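Here's the structure, in structure tokens; my notes come after.
For ligands, and for the atoms within them, numbers begin at 1 and follow the listed sequence. Since we're looking at a predicted model, the values are computed, not measured.
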Amino acid sequence: MVKLFIFAVFFYVVYRLLTGGFKKRVVGSPRQTAAPGALAVHDELVEDPVCHIYIPKRQAIVLHGSDTPVYFCSEQCRKMYCDAHKT
Ligand SMILES: [Zn+2]
């Protein structure tokens, strides 16, 4: 009788393990996309060397080439700066 009881418990445990294993756990947490406003924190103002206005760095037109990048408000200013610094 005792053996039968142990057997029953054993089967019960196995049954629970199997049924538990078949259950698919929903793990994936909903991925939150970064709020667009969060990026604004990193926005710093840079000065346009041509017309001397301040523009957000992310919106500025960047000219690499010299050791420090130069930022412009528009393509026009970048061209003017490039022309002025040519030869
Ligand atoms: Zn400008």
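Put simply, the side chain of I61 does not reach to within 4.5 Å of the side chain of C73, judged on heavy atoms.
Its N, O or S atom nearest to the Zn ion (ligand 1) is what matters here, and for D48 that atom is OD2.
With the Zn ion (ligand 1) as the vertex, SG (C77) and SG (C73) define an angle of 110°, rounded to 10°.
Residue Y15 is tested with T19, L17, V13, L18 for a side-chain contact (heavy atoms from CB on, under 4.5 Å); the sole match is T19.
Think of L45 as one node in a network of Ile, Leu, Val, Met, Phe, Trp and Tyr side chains linked at under 4.5 Å; its network also takes in Y54.
Scanning for side-chain hydrogen bond (donor to acceptor under 3.5 Å, both in side chains) contacts around E75 gives R78, with sequence neighbours left out.
For C51, the nearest N, O or S atom to the Zn ion (ligand 1) falls under 2.8 Å.
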